[in-house]
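Order of the sequence lines fixes the chain letters, A, B, ..., with proteins taken first and strands second; residue numbering starts at 1 for each chain.
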Number of protein chains: 2
Amino acid sequence: MTEGPRPRPTLRDIATALGLSVNTVSRALGDKDSVSAATRAAVQAEAARIGYVPNTLARSLVLGSAMTLGLVITNPSNPFYAQLISSIELRVRAQGYSLLLLVTDESVENEQRATEALLRSAVDGAVVVPVQAEWDHWRRVRDSGIPLVFVNRDVPELGCDMVGVDYERGSYEATSHLIAGGARRLLLLEEDLPITTTADRITGFRRAMADAGLKVSDDQVRAVPTKRYDSLALPWQPEEAYRFAQTLLTDGHPDGVVTGNDYFALGLLRALAERDLAVPRDVAITGYGDHPYAAYLQTPLTTVRLPAAEVGTTAVDLLLQRLKAGAERPRKTLIRPELVIRASAPDRQAITTDR
Amino acid sequence: MTEGPRPRPTLRDIATALGLSVNTVSRALGDKDSVSAATRAAVQAEAARIGYVPNTLARSLVLGSAMTLGLVITNPSNPFYAQLISSIELRVRAQGYSLLLLVTDESVENEQRATEALLRSAVDGAVVVPVQAEWDHWRRVRDSGIPLVFVNRDVPELGCDMVGVDYERGSYEATSHLIAGGARRLLLLEEDLPITTTADRITGFRRAMADAGLKVSDDQVRAVPTKRYDSLALPWQPEEAYRFAQTLLTDGHPDGVVTGNDYFALGLLRALAERDLAVPRDVAITGYGDHPYAAYLQTPLTTVRLPAAEVGTTAVDLLLQRLKAGAERPRKTLIRPELVIRASAPDRQAITTDR
DNA sequence: TTGAAAGCGCTAACAG
DNA sequence: CTGTTAGCGCTTTCAA
């Protein structure tokens, strides 16, 4: 009894089976009134019997909405973005929309292609983590009437909604915490991407230093050379920070290091261990991100926890609001991250030797 | 000069502007022959001028294909799945398809809703990491003519294509490696999900033990109690393994532990450290997954590296082949993982005291 | 080479 | 309450 997959049932199949018009069937299924209870019951029964599933394509075409949102993201392997994807998908689905996923890998070309796809697919809106190097293609999307919500990184030129993390504040708090713990010769180890998140963290670092009356020379803010655009790879490798830290520690060492992500902290920890520098006794360090392993390192990592789920949920809500409300002036929201204090940079009193 | 977003241009806009029929414009843009070079040039120029973007919805409706594939996945925060998402998205996009993402969080109900969405959206096919508890809803999808490729976990009852990892082999190798290193009192710390990946690893463990002439009592295979269905959360928490390991170590201790994922290894490491058990001297351990931090722990983790990208790419290729070729008999592929040997379970000769 | 007509499956108007 | 008509934007016949 192997039959090939028959063509999927349509409204007409139900209609002819029941001797009704396609239209009536449509209304019966659509839960509109103006259909007799009996008809509705019959239609629904038949629909269930033959396994009718509405064709979203046709529906979207006439309704002018695909009930689909786009998510354009740089790198799912970044734990922050992974959580973002989850929270966004959950919220989008809960609101009855579908989610189209586009991955850009920090590449402008990929992002441009992504905008083409968004336009062709006629998504109702999109949540976007922009590469930030160029944004003309985003203007085009916005101008075609597709609302955009930028996440994590903003493109202020476009006047779209934005939901992000207050990276500056997180960095400020981490830096201040190290200073409060007694560190004076501080270092900031940052990503070398031309993005605002990195810039914001640098600002926070400098501000904390200034507030503590500490000068910041240029070589206290260092960018770890990273391989970019390496698709399928991790966003940043501990390895890169490790190698870089090795070179940093050849003459002297800082007594506090703020890193731009937990991976860097991981590499740094190894470099420090190899030079017999104890954490936090000789060098206190903070990470950024609170990745799952951070709490479970031999020296648990003091780090900045990012509110990924809240960011994602807020972004979707903002987008859906805009879909309904239309043009208002753009809303920008920064959600505050949380400094999680652990052994790699404990509270002032708690500093002890760990050997 | 603020104009509201005008309705997107259609073929007709081009047609009327040029005094042509919609049909001709369609062919001109479609690179069919049977259009004069002059006409084609004019059409393309006008299309570019007004920023015409074809409406995929309309196109799909008539063509009967949405050029969209579905990806149904359990948890993006699992690094293995994050990489899978990246590799799949890349491949799918390269082939000119769009990707619809559905997240199930290991919940059958979510998965059932996901299948509804796949049917409604009329995807051309789907890559699926099944929850594996039930599969009637998948049968329905398959029967409606949507080819499925199961990834990582199979549902043999459906006779679909499948691409996975040879978990049994990975577990076998990890276990054998511990035994070769001198461990005799081994333990397997596994996830408590009712999925084949876990079962396969258990099989691999038992087989390795048997091959070494070691008996396995029931309490040597332990399932770490995990919170399931906790959306937005990590797949498994080191915390859970930590607590569980604490209870395990109250009387005596194993001299080798194979864990079902790197998170568990992390929790275990802490529990061992608290009881002053040295790794690998007192207890050698292996992880599973080779998460980014694994190599950078104080005691770098011997673990099983999973070929995520290869799995993802293969899955998409299989799906697209089937889309073209139609029904053949299902192909099942297991890709071999790689044991990465590090300090937590070094090679036989290398075992030394690490203090 | 181009145009006219038909239809993909569905929904919104309007009649009946 | 139900049916008819029209049309979403596009592509594929088939004529001209």
- Item | A:Leu11 CG - D:dG3 C1' separation (whole Å) | 15 Å

- Mapping B:Val22 and B:Val62 to their closest nucleotides on DNA chain C, which lands nearer the 5' end? B:Val22

- Task: Could you state the atom-to-atom distance from CE of B:Met67 to C1' of D:dC10 in whole Å?
- Result: 16 Å

- Task: Report yes if at least one side-chain N or O of A:Arg12 is closer than 4.0 Å to OP1 or OP2 of C:dC8; otherwise report no.
- Result: yes

- Query: Where each residue is assigned the nucleotide of DNA chain C containing its nearest heavy atom, which of A:Tyr52 and B:Thr39 is assigned the position nearer the 5′ end?
  - Reply: B:Thr39

- Task: Answer yes if the side chains of A:Trp138 and A:Glu157 hold a donor-acceptor pair under 3.5 Å, and no otherwise.
- Result: no

- How close or far is atom P of C:dT11 from atom CG of A:Leu20, stated in whole angstroms? 15 Å

- Message: Whole angstroms only, please: what is the CG-P distance between A:Leu61 and C:dC8?
- Response: 13 Å

- Message: Tell me whether the count of non-hydrogen atoms from other residues, nucleotides or ligands lying under 6.0 Å of CZ in B:Arg59 goes above 12.
- Response: no

- Message: Using whole Å, what does the distance between atom P of nucleotide C:dT1 and atom CZ of B:Arg40 come to?
- Response: 10 Å

- Under-3.5 Å donor-acceptor pair between A:Arg27 side chain and D:dG3 base: yes

- Message: Less than 4.0 angstrom between a side-chain N/O of A:Ser21 and OP1 or OP2 of D:dT4, yes or no?
- Response: no

- Task: For residues A:Val92 and A:Ser98, report the shortest heavy-atom separation together with the two atoms involved.
- Result: CG1-O, 3.7 Å

- Counting side-chain heavy atoms from CB outward, which of C:dG9, D:dT2, D:dT11 is closest to A:Thr10? C:dG9

- Query: Can a side chain N or O of B:Ser36 be found less than 4.0 Å away from OP1 or OP2 on C:dT2?
  - Reply: yes

- Message: How about CZ on A:Arg12, more than 12 heavy atoms from neighbouring residues, nucleotides or ligands closer than 6.0 Å, or not?
- Response: no

- Query: With respect to the phosphate group of D:dG9, does any side-chain polar atom (N or O) of B:Arg8 fall under 4.0 Å of OP1 or OP2?
  - Reply: no

- How many Å lie between CG on B:Leu119 and C1' on C:dG9, as a whole number? 16 Å

- Task: Using only heavy-atom distances, decide whether a donor-acceptor pair under 3.5 angstrom links the side-chain of A:Asn23 to the base of D:dT4.
- Result: yes

- Message: Rounded to whole Å, how long is the line connecting atom CG of B:Leu57 with atom P of D:dT11?
- Response: 13 Å

- Separation of atom CG in A:Leu18 from atom P in D:dT2, rounded to whole Å: 11 Å

- Task: Nearest 0.5 Å please: distance from the CG atom of B:Asp161 over to the CG atom of B:Asp317.
- Result: 11.5 Å

- Looking at every strand, decide which applies to A:Leu63 at a 4.0 Å heavy-atom threshold: base, sugar-phosphate, or nothing. sugar-phosphate

- Message: Side-chain N or O of B:Thr24 versus OP1/OP2 of C:dG3: is the shortest distance under 4.0 Å?
- Response: yes

